[in-house]
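Sequence positions, counted from 1, serve as the residue numbers for this chain.
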Amino acid sequence: MDMSNPAAFVNAELLHFYVGRRVRTLMQVVRSDGGVVIGKSTDEKQLVVKGLPPAPLTTFVEVFGIVNSDKSIAAEIWTNFGDSIDMISYNKLCQLANGELKYLFL
């Protein structure tokens with residue numbers, strides 16, 4: 001694991017704290033159109049990821065990338081997570097990683 005450039009766990013609501021920084025997030029793919037994937041974040045908000053995803057995409061995808069000023073993510077790494085995952089638990093992880101337990105994650 002590369003610790004020289006850590007990626008913060010985020011949901012869509014947390015993106016504005018990380019503009020220009022590396023993040024990781026989980027999303028449910030709603031549609032893929034060219035180099036843009038629209039999805040639903042773990043906090044039920046819309047998420048826009050730019051880049052070329054692997055084909056085919058599964059229902060759930062984890063993305064590592066840089067947050068753009070328009071709150072989209074420029075994807076560096078895409079990982080298919082299959083067609084079933086506990087979005088609620090991942091969202092709680094995002095909240096803990098950006099709250100009282102932040103020191104454990106970055």
Side-chain angles (χ1 to χ4, degrees):
M1 177 182 273
D2 180 10
M3 294 307 295
S4 64
N5 190 16
F9 284 94
V10 297
N11 56 29
E13 185 177 354
L14 295 167
L15 286 178
H16 70 278
F17 292 118
Y18 293 97
V19 173
R21 294 179 54 197
R22 193 164 190 256
V23 297
R24 68 191 294 176
T25 193
L26 180 71
M27 65 187 279
Q28 180 179 1
V29 175
V30 174
R31 74 176 185 274
S32 178
D33 187 21
V36 178
V37 176
I38 307 295
K40 184 168 62 170
S41 177
T42 57
D43 58 359
E44 301 288 322
K45 295 187 167 108
Q46 181 174 292
L47 197 56
V48 177
V49 180
K50 298 176 181 177
L52 296 175
L57 280 175
T58 58
T59 304
F60 297 96
V61 179
E62 185 180 49
V63 176
F64 283 75
I66 306 296
V67 179
N68 297 315
S69 59
D70 64 357
K71 310 304 182 290
S72 66
I73 298 174
E76 298 171 339
I77 300 170
W78 303 78
T79 305
N80 280 325
F81 266 37
D83 295 322
S84 176
I85 195 163
D86 184 353
M87 297 274 280
I88 294 169
S89 292
Y90 195 99
N91 193 57
K92 287 181 182 176
L93 174 65
C94 292
Q95 293 168 346
L96 288 171
N98 287 278
E100 62 187 87
L101 298 178
K102 187 174 187 171
Y103 67 93
L104 291 174
F105 293 90
L106 293 179

Check your understanding: Are I88 and L26 in one and the same hydrophobic cluster, where Ile, Leu, Val, Met, Phe, Trp and Tyr link if side-chain heavy atoms are under 4.5 Å apart?
Key -> no

Review point. Does anything in residues 47-57 pair up under salt bridge (charged side-chain N to carboxylate O under 4.0 Å, His left out), and if so which pairs, sequence neighbours excluded?
Key: K50-D70

Point to revise | Where G34 and P53 come nearest, the two heavy atoms and their spacing | key: O-CD, 4.4 Å

**Study point:** Gap separating the CD atom of Q28 from the CZ atom of F81, nearest 0.5 angstrom
**Key:** 14.0 Å

Point to revise | Minimal non-hydrogen separation, V19 against S69, with atom names | key: CG1-CA, 3.9 Å

Check your understanding: Under a single-linkage rule joining Ile, Leu, Val, Met, Phe, Trp and Tyr whose side-chain heavy atoms are separated by less than 4.5 Å, which residues share a cluster with L52?
Key -> none

Review point. Roughly how far apart are W78 CH2 and L57 CG, rounded to 0.5 Å?
Key: 6.5 Å

Study note, to complete from the structure: M27 and V49 have their tightest heavy-atom pair at SD-CG2, 3.5 Å

Check your understanding: Looking at residues at least two apart in the chain, or sitting in another chain, which of them share a salt bridge (charged side-chain N to carboxylate O under 4.0 Å, His left out) with K92?
Key -> none

Check your understanding: Could you give the distance from CG (L96) to NZ (K102), rounded to the nearest 0.5 Å?
Key -> 13.0 Å

Review point. What do the steps show when you test Y18 against T25 for side chain to side chain contact (heavy atoms under 4.5 Å, CB included), and what is the final call?
Key: CA-CA 12 Å; Y18 293 97; T25 193; over 6 Å; no

Point to revise | From CD (E76) to CZ (R22), nearest 0.5 Å | key: 5.0 Å

Practice item. Answer with yes or no whether the hydrophobic clustering places V61 together with F64; edges join I, L, V, M, F, W, Y residues whose side-chain heavy atoms lie under 4.5 Å apart. Key: no

Point to revise | Minimum heavy-atom distance A75-V63, with the two atoms named | key: CB-CG1, 3.7 Å

Table please: side-chain donor-acceptor pairs of residues 6-15 below 3.5 Å, with sequence neighbours left out.
from	atom 1	to	atom 2	distance (Å)
N11	OD1	E13	N	3.2
N11	OD1	L14	N	3.1
N11	ND2	N91	OD1	2.9

Review point. Does V48 sit in a hydrophobic cluster with other residues, and if so which ones, taking ILVMFWY side chains as linked at heavy-atom separations under 4.5 Å, directly or through other members?
Key: V36, I38

Point to revise | Sequence neighbours excluded - side chain to side chain donor-acceptor pair (under 3.5 Å) pairs with any residue from residues 51-62 | key: R24-E62, T58-N80, T59-D83, E62-Y90

Practice item. Find the distance between OG (S72) and CG (L47) and round it off to the nearest 0.5 Å. Key: 9.0 Å

